[in-house]
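One structure is given below, encoded as structure tokens.
Here, residue 1 is the first one in the sequence, and each next residue gets the next number.
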Amino acid sequence: MQYQGVLTKMKTEIGDPIQYYLVFETDFIHINQLLDKKITVAFVGYQCLACGKNKKIFRQGYCYDDFYNQPQVGDWIMRPELSTAHLDIEDRDLEYEKKVQLQPHIVYLANSSNVKVGVTRKSQVPTRWIDQGAHEAIEIVEVPNRYLAGITEVALKDHVADKTNWRTMLKNEIVDENLTDFKNKLKDFIPDEVQAYFIDNVKETNLKFPVLQYPDKLKSLNLEKTPEFSGILKGIKGQYLIFEDNTVFNVRNNEGYVVNLSVH
């Protein structure tokens, strides 16, 4: 079977284990069904997620020009504390920014390689945790906009990590932690204006990923250096495909790349 399409972040569905889907313009591929099969990924070209042109992808699926003008990739995406829609101040497109920023947001703890703090829209729970490869996560606060979530994350970053070690996550060198204890220790460091939004009674969420074999060493697949790769799929975790020969492929990092996907 052969498919062709533009790579975008894999869609996920909560389950035991998580279910993964790759969505192309004319195909909907259930990736879990490809486990233990040989698949070939071949690089065809680029298609910017904004303009749709065959222009080299700069970051996050966008060509250089669109990365610097599309509201979906404004600085406030990576740094929520820079959000200004609640002040009626535009960054790139106020209508879009209000739609995204002025909705409930969650500040959470997730454990994928270590315990880290993060921010996501409430509508993206538990998708955000799945995308990070977290095997456990818990909500700390639920706030009405992205700015309040951002300043909370900034305050907590002094006391807990805010980055995931993707190598540790993929090797599954993980330690279970009591996230409720972690969360309670952080409560005093939450900004005063956010204290009222602290969530008291919530259990941690546990996630199981469809992995038959974890890699012991990691080789990251770069489609520009290796335009065609074949391997037996052994697992899916976060937004990574894990192959039998220890090659790992970050689907999300290759958004905007047009590929042929063959199943043998």
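A salt bridge links Asp65 and Lys55; the closest N-O separation between the charged side-chain nitrogens and carboxylate oxygens is under 4.0 Å. At a threshold of 4.0 Å, the pair Asp216-Lys171 does not count as salt-bridged, since none of the basic side-chain nitrogens sits closer than that to a carboxylate oxygen.
The backbone N or O of Ile106 sits nowhere less than 3.5 Å from a side-chain atom of Tyr197 that would complete a donor-acceptor pair. Remark: the backbone N or O of Ile89 is paired with a side-chain donor or acceptor of Thr84 at under 3.5 angstrom. Here the side chain of Glu97 pairs a donor or acceptor atom with the backbone of Asp93 at under 3.5 angstrom. With His105 contributing its side chain and Gln103 its backbone, the two residues share a donor-acceptor pair below 3.5 Å. Judged by distance alone, the side chain of Glu25 and the main-chain N or O of Gly5 form no donor-acceptor pair under 3.5 Å. Counting only distance, with no hydrogens or angles, the side chain of Glu136 and the backbone of Glu177 share a donor-acceptor pair below 3.5 Å. Using modelled atom types, no side-chain atom of Lys9 and backbone atom of Gln239 make a donor-acceptor pair closer than 3.5 Å. Side-chain atoms of Gln19 do not come within 3.5 Å of backbone N or O of Asn32 as any donor-acceptor pair. When atom types are taken as modelled, the side chain of Gln195 and the backbone of Ile190 share a donor-acceptor pair closer than 3.5 angstrom.
Transitive grouping of hydrophobic side chains (ILVMFWY, heavy atoms separated by less than 4.5 Å) keeps Ile174 and Leu207 in distinct clusters. Following chains of ILVMFWY side-chain contacts shorter than 4.5 Å, one cannot reach Ile199 starting from Val125, and the two form parts of different hydrophobic clusters. Cluster membership for Ile130 and Val23, using ILVMFWY side-chain heavy atoms within less than 4.5 angstrom, is not shared. The hydrophobic cluster containing Val160 does not contain Trp129, counting ILVMFWY residues as joined when their side-chain heavy atoms lie under 4.5 angstrom apart, directly or transitively. Linking ILVMFWY side-chain heavy atoms closer than 4.5 Å, directly or via other members, places Val258 and Tyr3 in two distinct hydrophobic clusters.
Between Glu142 and Pro104 the shortest heavy-atom distance is OE2-CB, 3.9 Å. Here the closest non-hydrogen pair linking Ala134 and Ala110 is CB-CB, 3.8 Å. Closest approach of Leu35 and Gly235 over heavy atoms only: CD2-N, 3.5 Å. Of all the heavy atoms in Pro80 and Met78, the pair that sits closest is CD-O, 3.4 Å. Residues Trp76 and Pro71 share a closest heavy-atom pair of CZ2-O, 3.6 Å. Between Gln2 and Ser262, the closest heavy-atom pair is OE1-OG, 3.4 Å.
Here the side chains of Leu148 and His86 are not in contact, with every heavy-atom distance at 4.5 Å or above. In this structure, Val73 and Arg59 have side chains that are not in contact, with every pair of non-hydrogen atoms separated by 4.5 Å or more. The shortest distance between side-chain heavy atoms of Ile140 and Leu156 falls below 4.5 Å. A heavy-atom distance below 4.5 Å is found between the side chains of Leu212 and Asp36. Using a 4.5 Å heavy-atom cutoff, the side chains of Leu7 and Leu22 are in contact. Within the 4.5 Å cutoff, no side-chain heavy atoms of Tyr214 are placed close to those of Glu173. For the pair Val6/Leu49, a side-chain contact is recorded, criterion being any heavy-atom separation below 4.5 Å from C-beta on. By the 4.5 Å heavy-atom criterion applied to side chains, Phe67 and Ile57 are not counted as neighbours.
Atom CG of Leu233 and atom CG of Leu241 lie 5.5 Å apart (nearest 0.5 Å). To the nearest 0.5 Å, atoms CD (Glu90) and NZ (Lys98) are separated by 10.0 Å. In this structure, the separation between CG on Asn254 and OH on Tyr46 is 10.0 Å, given to the nearest 0.5 Å. Atom CG of Leu34 sits about 7.5 Å away from atom CD1 of Ile29, to the nearest 0.5 Å. To the nearest 0.5 Å, the span separating CZ on Arg121 from OG1 on Thr127 amounts to 10.0 Å. Separation of atoms CD (Gln70) and CD1 (Ile77) is listed at 11.5 Å; rounding is to 0.5 Å.
No more than 12 heavy atoms of other residues, nucleotides or ligands lie within 6.0 Å of OH in Tyr147, so this atom counts as exposed by the packing criterion. Environment of OH in Tyr21: crowded, with over 12 heavy atoms of neighbouring residues, nucleotides or ligands closer than 6.0 Å. In Lys219, the NZ atom is crowded: over 12 heavy atoms of neighbouring residues, nucleotides or ligands sit closer than 6.0 Å. Sparse packing is recorded around CG of Asp75, with 12 or fewer heavy atoms of other residues, nucleotides or ligands lying under 6.0 Å away.
Between Phe229 and Phe243, the two ring planes are perpendicular [angle over 60°; tilted spans 30° to 60°].
The salt bridge (charged side-chain N to carboxylate O under 4.0 Å, His left out) search around Lys56 returns Glu224, not counting sequence neighbours. With sequence neighbours left out, Lys157 forms a salt bridge (charged side-chain N to carboxylate O under 4.0 Å, His left out) with Asp162.
Taking the centre of each ring, Phe58 and Tyr62 stay at or above the 6.0 Å mark. The aromatic ring centres of Tyr240 and Phe249 sit 6.0 Å or more apart.
Checked by atom type, the side-chain pair Gln101/Asn145 shows no donor-acceptor distance below 3.5 Å. A donor-acceptor pair shorter than 3.5 Å cannot be found between the side chains of Asp176 and Asn111.
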Candidate pair Leu218 and Trp166, rule side-chain contact (heavy atoms from CB on, under 4.5 Å), full reasoning
CA-CA 10 Å; Leu218 296 175; Trp166 63 274; 4.0 Å; yes
side-chain contact (heavy atoms from CB on, under 4.5 Å) between Asn184 and Phe198, worked out
CA-CA 10 Å; Asn184 290 334; Phe198 186 81; 3.9 Å; yes
